Amino acid sequence: MASAISYILFLSIFSSAFALGAAQPRQSNISLDTSLHTTTNPTSWHSPNGRFAFGFYPEGTGFSIGIWLVPSPENSTVIWTADRDDPPVTKDAVLKLTTEGLKLLLQNSEERLISNISTGNNASSASMLDSGNFVIYDSNSDVIWETFDHPTDTIMAGQVLGAGSQLVSGASETNHSSGKFHLILLNDGNLVLYPVASPDGSEDSYYDSQTSGKGYQSLNLDDKGWLYLLNDNVTYNLTSGYQSGTALVYRATLGVDGIFRLYSHDLESNTEQVLKKFPDVTDPCAVKGTCGLNSYCSTSANGQVVCTCLPGFDYLDANRTSNGCRRNFTASGCYSNNDNTTYMSTVYNVAWTEFSYTAPLSVTSKEDCGEACLKDCNCDAALFSDNTCRKQLFPLRYGKTDDSTTTFIKLVNISPAAAPVVTIRRKFSAKILIVSAAIIACIISSLVALIFFFYRYRAGRYRRLWRNKEPALVDEIAPRSFSYRELREATDGFKEELGKGAFGTVFKGTLPRGQRVIAVKKLEKVVDEGEREFRTEMRTIGRTHHRNLVRLLGFCDEGTNRLLVYEYMSNGSLADLIFKADGHPSWDERVRIALDIARGIHYLHEECETRIIHCDIKPPNILMDDNWTAKISDFGLAKLLMPSQTITFTGIRGTRGYLAPEWHKNAPITVKADVYSFGIVLLEIVCCRQSMELEADEEDAIILLDWVHNCFMDGELEKLVADEVDMTELNRLVKVGLWCTQSEPGARPSMKNVVTMLETNVDISLPPPPGFSS
Ligand SMILES: *[C@@H]1O[C@H](CO)[C@@H](O)[C@H](O)[C@H]1NC(C)=O
Ligand SMILES: *[C@@H]1O[C@H](CO)[C@@H](O)[C@H](O)[C@H]1NC(C)=O
Ligand SMILES: *[C@@H]1O[C@H](CO)[C@@H](O)[C@H](O)[C@H]1NC(C)=O
Ligand SMILES: *[C@@H]1O[C@H](CO)[C@@H](O)[C@H](O)[C@H]1NC(C)=O
Ligand SMILES: *[C@@H]1O[C@H](CO)[C@@H](O)[C@H](O)[C@H]1NC(C)=O
Ligand SMILES: *[C@@H]1O[C@H](CO)[C@@H](O)[C@H](O)[C@H]1NC(C)=O
Ligand SMILES: *[C@@H]1O[C@H](CO)[C@@H](O)[C@H](O)[C@H]1NC(C)=O
Ligand SMILES: *[C@@H]1O[C@H](CO)[C@@H](O)[C@H](O)[C@H]1NC(C)=O
Ligand SMILES: *[C@@H]1O[C@H](CO)[C@@H](O)[C@H](O)[C@H]1NC(C)=O
Ligand SMILES: *[C@@H]1O[C@H](CO)[C@@H](O)[C@H](O)[C@H]1NC(C)=O
């Protein structure tokens with residue numbers, strides 16, 4: 001009710017403003033020192049044909065400056081707004097043309113320039129043109145500034161939107177500040193529509209002109225309603241034109257609802273017509289971003305958009321339900337184990353834009369999908385359709401109704417009664433566990449094939465556009481781009497050095513927002529590849545999410561400055577822990593750490609979307625977080641140094657002592673090279689000593705691998721460890737280490753098998769001598 005009244009009030013203020021406007025003289029030559037006022041005449045300058053006005057219009061409780069169509073006093077269409085994200089000005093504001101440009105004089109003699117003429121103080125007149133363009137001239141009558149160069153949500157006939165430029169929708173029909181959607185002509189010639197709060201990957205777009213790589217330089221509209229892309233003299237028609245007429249005005253506007261529409265206005269009959277829509281849809285939910293993150297879109301019986309939060313989530317702003325939702329419980333660390341308050345809640349018939357952090361699993365039933373997520377610490381939610389299960393992290397995006405998909409949401413620490421559609425409970429019987437373990441084993445074996453299929457399928461329809469921005473929650477989706485200055489400030493001028501690695505020096509820093517402690521790695525010796533390749537690489541790394549991998553938060557790519565921003569690991573490296581510290585970690589701790597590392601490498605090799613060979617697994621690259629969880633660092637960087645990822649013949653990258661023999665033989669490098677390095681690290685963890693120790697007590701103990709093998713063959717394993725340990729476990733770990741370090745890559749187990757051998761009691765056969773080669 002209140003809003004209806006204020007809307008009527010708004011309309012009446014608007015009408016009176018336009019009525020006043022209509023009575024004003026038409027002025028094509030606006031000379032210096034001429035002013036406009038908010039409520040006393042003149043409030044606007046009109047074009048010679050009287051169809052466009054430039055000046056103050058009412059917005060909210062104040063006034064904004066803009067250009068609008070003047071069809072009749074009751075109706076108006078704003079086509080441009082100055083400084084649209086500044087708050088509206090108050091009643092006593094004055095706008096004046098000065099030599100510096102258009103100057104807004106506010107209360108307390110505050111001044112603001114609304115035109116940015118960077119070329120000097122020589123504005124000498126201005127004009128509201130019949131095309132809807134407001135221009136400022138210098139004394140030679142050359143145009144030095146025009147609104148057509150600074151579009152907001154609309155282009156008019158004769159206006160050109162250049163490559164790299166964008167239109168941003170309005171916030172609402174009555175609020176012309178920046179809204180939720182943008183239209184961009186990408187530098188590669190593709191015209192695309194995205195929600196503003198997205199990282200702008202191809203999966204975020206809801207329309208594109210399919211002209212990627214065609215090099216179109218501009219979006220154009222002519223006075224017949226011909227809307228086209230242009231590259232030199234080559235055109236691509238979005239419409240082929242309509243009739244022309246002196247009373248017809250064409251405009252193309254990105255609407256508040258995210259749809260880009262071509263309109264014609266007949267100024268004589270004062271009618272308006274929509275000629276074309278991009279995308280041409282009637283369902284508002286087809287526009288991605290209509291509902292915010294973690295909510296899904298549906299329409300009510302009367303066609304209104306309804307945004308509904310996921311179970312366990314609340315609206316960010318209860319008065320603006322389309323802004324998205326956030327978790328109403330806190331979840332931290334690995335919450336899938338050891339508690340009986342974790343559930344999978346089920347939402348039927350909602351599909352999301354897929355953003356898996358692992359390759360999809362093929363499963364035979366919905367329940368298996370929910371279970372797979374429940375058991376995976378990293379998993380927040382899972383999507384099931386067509387016997388495929390896709391594990392997701394929050395936030396979920398672009399949800400809309402679709403009866404072929406079932407969504408499972410992991411809920412933590414809430415009472416079962418509060419979980420809306422709970423179908424799977426935390427408690428499993430032993431039988432279920434065995435069955436699902438078998439299923440999972442079977443799934444994993446089909447992963448490799450899937451990964452390739454999936455990766456191909458995911459290759460974007462067009463390239464991504466990166467920009468520096470920081471809308472809420474986006475840094476949860478993708479690594480952020482930082483400026484060099486920001487990182488210099490965050491690290492206090494690269495003051496505190498944490499260490500030096502193969503790729504460069506690492507510094508400690510703090511981000512001002514949230515006081516988050518970070519580790520900033522300055523890359524040196526990195527192949528100078530294109531900016532796009534670097535950023536693609538960053539995105540690949542940024543998409544890896546695993547409990548046992550150090551998380552990439554962002555990067556900087558400015559000229560020769562390339563820096564990576566990681567979460568800070570407070571407890572140093574594994575090398576500090578097992579080689580230097582006075583006391584060694586207990587046996588149980590060591591077994592747990594070995595398993596952590598194995599899981600991290602397994603994920604890199606088989607579970608993440610793009611397979612990653614680490615190439616430099618060694619204790620200094622394994623870091624310990626606050627909870628002493630081991631996390632692998634520096635993964636994905638080998639590719640920045642090497643041309644080919646899966647198989648490579650180029651120079652040696654790893655570290656002596658941990659290098660697989662194939663590195664020295666010029667043989668192809670595969671994931672098995674990491675398995676070898678892991679084997680060495682495993683033996684080091686077992687024995688708490690380095691792979692080479694020149695001051696060893698016995699001469700045959702210099703090379704760890706040989707010493708371990710000899711002790712193993714002689715049945716003297718107790719010599720390897722200083723502390724009391726479980727001999728069966730020791731035997732098992734040593735056998736795994738010896739299998740991993742076989743010189744023949746094919747003889748080494750996969751990381752999946754390594755994890756299984758470490759985790760379970762499967763029988764491990766007797767390893768051949770490390771040097772054995774068939
Ligand atoms: C505008 O008027 C001024 C004098 O009032 C004149 O010097 C100038 O040339 C005119 N400009 C245009 C574009 O007509
Ligand atoms: C217009 O919308 C913006 C962004 O949503 C908001 O910050 C601003 O307060 C709104 N202005 C008015 C007058 O409602
Ligand atoms: C104002 O324009 C809208 C279309 O934008 C139209 O539906 C409405 O009838 C117009 N109102 C008047 C009073 O002309
Ligand atoms: C004015 O434009 C220049 C470049 O055209 C830009 O560098 C500058 O930041 C702008 N100033 C303002 C206040 O927008
Ligand atoms: C306006 O100023 C710019 C930069 O100072 C200069 O290049 C241009 O020639 C000037 N125009 C006139 C008409 O003085
Ligand atoms: C575009 O113009 C160039 C010369 O300017 C001409 O060689 C070429 O054939 C033209 N292309 C088309 C498609 O008209
Ligand atoms: C594009 O539209 C223009 C103007 O209507 C027309 O002359 C041209 O033939 C059209 N081109 C194509 C390929 O349809
Ligand atoms: C969280 O939201 C669910 C509904 O989605 C509700 O049942 C539950 O009570 C909420 N919990 C809290 C702590 O607000
Ligand atoms: C929502 O709107 C109501 C009434 O307009 C207001 O009382 C309340 O404070 C608003 N809530 C929020 C979270 O802004
Ligand atoms: C789990 O449930 C059992 C009973 O089923 C209860 O005794 C135990 O305290 C619960 N544990 C937690 C962490 O809530």
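Just so you know, ligand 1 is whichever comes first in the structure, and atom 1 is the first atom listed for that ligand. Fair warning: this is a prediction, and the values are worked out from it, not measured in the lab.
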Do you see a protein non-hydrogen atom under 4.0 Å from atom 7 (O) of ligand 2?
no
Is it true that atom NZ of Lys400 has more than 12 heavy atoms of other residues, nucleotides or ligands lying nearer than 6.0 Å?
no
Please identify which atoms of ligand 2 are closer than 4.0 Å to at least one heavy atom of Ser177.
1 (C), 2 (O), 3 (C)
Check Asp188 with Lys214, please: is the shortest side-chain N to carboxylate O separation under 4.0 Å?
no
Test item: [X] side-chain N/O and [Y] main-chain N/O as donor-acceptor pair under 3.5 Å:
X	Y	value
Ser209	Leu191	yes
Asn190	Thr211	yes
Glu59	Tyr57	no

A student comparing Gly60, Ala171, Gly170 should find that the heavy atom closest to atom 13 (C) of ligand 2 comes from Gly60
Among protein heavy atoms, which lies nearest atom 5 (O) of ligand 7, and at what distance?
Ser240 O, 2.4 Å
Considering only non-hydrogen protein atoms, determine which one is nearest to atom 2 (O) of ligand 7 and report residue, atom name and distance to 0.1 Å.
Asn237 ND2, 2.4 Å
Taking N or O atoms only and a 3.5 Å limit, does Asn175 qualify as a polar contact for ligand 2?
yes
Does any N or O of ligand 7 fall below 3.5 Å from an N or O anywhere on Trp226, backbone included?
yes
For the Cys pair Cys309 and Cys325, is the SG-SG distance shorter than 2.5 Å?
yes
